[in-house]
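Below is one structure, written out as structure tokens, with a few remarks after it.
Below, each value reflects all heavy atoms present in this structure, side chains not excepted, and no hydrogens, waters or symmetry copies. Predicted model, so just to flag it, every value in this text is computed and none were measured.
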Amino acid sequence: MAINACDAMPEGGRLTITMKNIHLDAASCNDDVEAGPGDYVVLIVSDTGQGMSADIAKRAFEPFFTTKEVGQRSGLGLSMVYGFAQQTGGYATIDSVEGQGTTVKLFLPRSSGVPSARREAGAGEQPLARGESVLVLEDDADVRALTVLQLESIGYTVYEASDARTALEILGSNGGIDLLLSDIVLPGKMNGPKLAREARLGCPSLKVVFMSGYAPNTSQDGHSVDRNAPLLQKPISKIVLAKTLRQVLDSPTYTDENEIGDRLVGLVEESNMAR
């Protein structure tokens, strides 16, 4: 539905997606409503595009019907939307005005059940934050934004930086940061391990977790990675990220370097097994 809406707005426009709960009584279920009375969730997709004539709108859900040129569309997109709605016990409607836009509504039966046991167990596998804050150091803006979103969704207060200099400034002005989550390869002369060592000079209790898209225990130039912190391989799943941070934050703060290395190498192995 979103693809069709964008096609209908070649010069731009507004795509609006909303949802709401409704109840259909017997009086509402007339010949135009292909579903019985009950509670429904309505998914509404509207655009401000070219719109359709009444004749075309009536045929929009028909299999293989399309106004596109040969090779552009099969004409099965809206037909499959309609079929999906019917298979769930719901239905779909389409309203369109030439020059003003189109609105497609998908009526889906509303579930009155509780979440499955499997879903509840899965949610419990993601350890939550306990008031801690994390600094994410990542030069790729998209990866950084996703990582920040994942951490905020499980309760962490998150700061972010795209280079080592900015990260050190944040650490210097925010003494309450509990953990540094850093990429290994960074722009400039200071990589992740060097930054972590310098940061720990001012805050020995700072916990560190590294992430990288390169082979384990090596950086882009082949230099060894600091074995005193876990290394997560990108892309990182949310559950692995959550478990690793929780394990590291819950571990004691060690002062002996060999003891630190032995403990955190074990955490790397545990996080890899969880993946």
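Taken from CD1 in I56 to CD in E62, the straight-line distance is 11.5 Å, to the nearest 0.5 Å. The CE atom of M1 lies 10.0 Å from the OG atom of S46; values are rounded to the nearest 0.5 Å. I154 CD1 to L245 CG: the interatomic distance, rounded to the nearest 0.5 Å, is 7.0 Å. Rounded to the nearest 0.5 Å, atoms CG (L108) and OG1 (T88) are 5.0 Å apart. Annotation: the span from R110 atom CZ to N21 atom CG amounts to 4.0 Å, rounded to 0.5 Å. The CZ atom of R246 sits 10.0 Å away from the OG atom of S251 when rounded to the nearest 0.5 Å.
With hydrogens and angles disregarded, a donor-acceptor distance shorter than 3.5 Å links the side chain of S96 to the backbone of M52. Without hydrogens or angle criteria, D163 side chain to T166 main chain gives a donor-acceptor distance under 3.5 Å. Not a single donor-acceptor pair under 3.5 Å links the side chain of N174 to the backbone N or O of I177. A distance-only check finds a donor-acceptor pair linking the side chain of K207 to the backbone of V248 [under 3.5 Å]. The backbone N or O of T102 lies less than 3.5 Å from a partner atom in the side chain of D47, making a donor-acceptor pair. Using a distance-only test at 3.5 Å, with no hydrogens or angles considered, a donor-acceptor pair links the side chain of R144 to the main chain of E138.
Annotation for R200 and L206: closest pair NE-O, 3.4 Å, computed over non-hydrogen atoms. Nearest heavy atoms, G176 versus S133: O-OG, 2.9 Å. Nearest heavy-atom pair, L171 versus A199, reported as atom, atom and distance to 0.1 Å: CD1-CB, 3.6 Å.
Two residues are said to be in side-chain contact when any heavy atoms from C-beta on lie closer than 4.5 Å; S212 and L231 meet this criterion. V136 has its side chain within reach of L151: a pair of non-hydrogen atoms, C-beta onward, lies under 4.5 Å apart. Inter-residue side-chain proximity for L249 and Y156 is flagged as met; some heavy-atom pair is nearer than 4.5 Å. L181 is not listed as a side-chain neighbour of L137, based on a closest heavy-atom distance of 4.5 Å or more. T103 places none of its side-chain heavy atoms less than 4.5 Å from the side chain of I94. You'll find the side chain of Y40 reaches within 4.5 Å of the side chain of P109, heavy atoms only. The shortest distance between side-chain heavy atoms of L168 and L195 falls below 4.5 Å. Contact check for P127 versus Q247: no side-chain heavy atoms found under the 4.5 Å cut-off.
In the hydrophobic clustering of this structure, L146 does not group with V240; members are Ile, Leu, Val, Met, Phe, Trp, Tyr whose side-chain heavy atoms approach within less than 4.5 Å, directly or through other members. Clustering ILVMFWY residues whenever any of their side-chain heavy atoms sit less than 4.5 angstrom apart, transitively, puts V97 in a cluster other than the one holding L15. Neither V143 nor L135 shares a network with the other; the hydrophobic side chains, linked directly or stepwise wherever heavy atoms of I, L, V, M, F, W or Y lie under 4.5 Å apart, form separate groups for each. At a threshold of 4.5 Å between side-chain heavy atoms, the hydrophobic network of Ile, Leu, Val, Met, Phe, Trp and Tyr places V104 and M19 in one connected group. I239 and L128 fall within a single hydrophobic cluster, where Ile, Leu, Val, Met, Phe, Trp and Tyr are joined by side-chain heavy atoms under 4.5 Å apart, directly or via other members.
The residues D55 and R59 are annotated as not salt-bridged, no charged nitrogen and carboxylate oxygen being separated by less than 4.0 angstrom. D95 and K105 are not joined by a salt bridge, as no carboxylate oxygen comes within less than 4.0 angstrom of a charged side-chain nitrogen. Salt bridge E169/R165: present, at least one basic N to carboxylate O contact under 4.0 Å.
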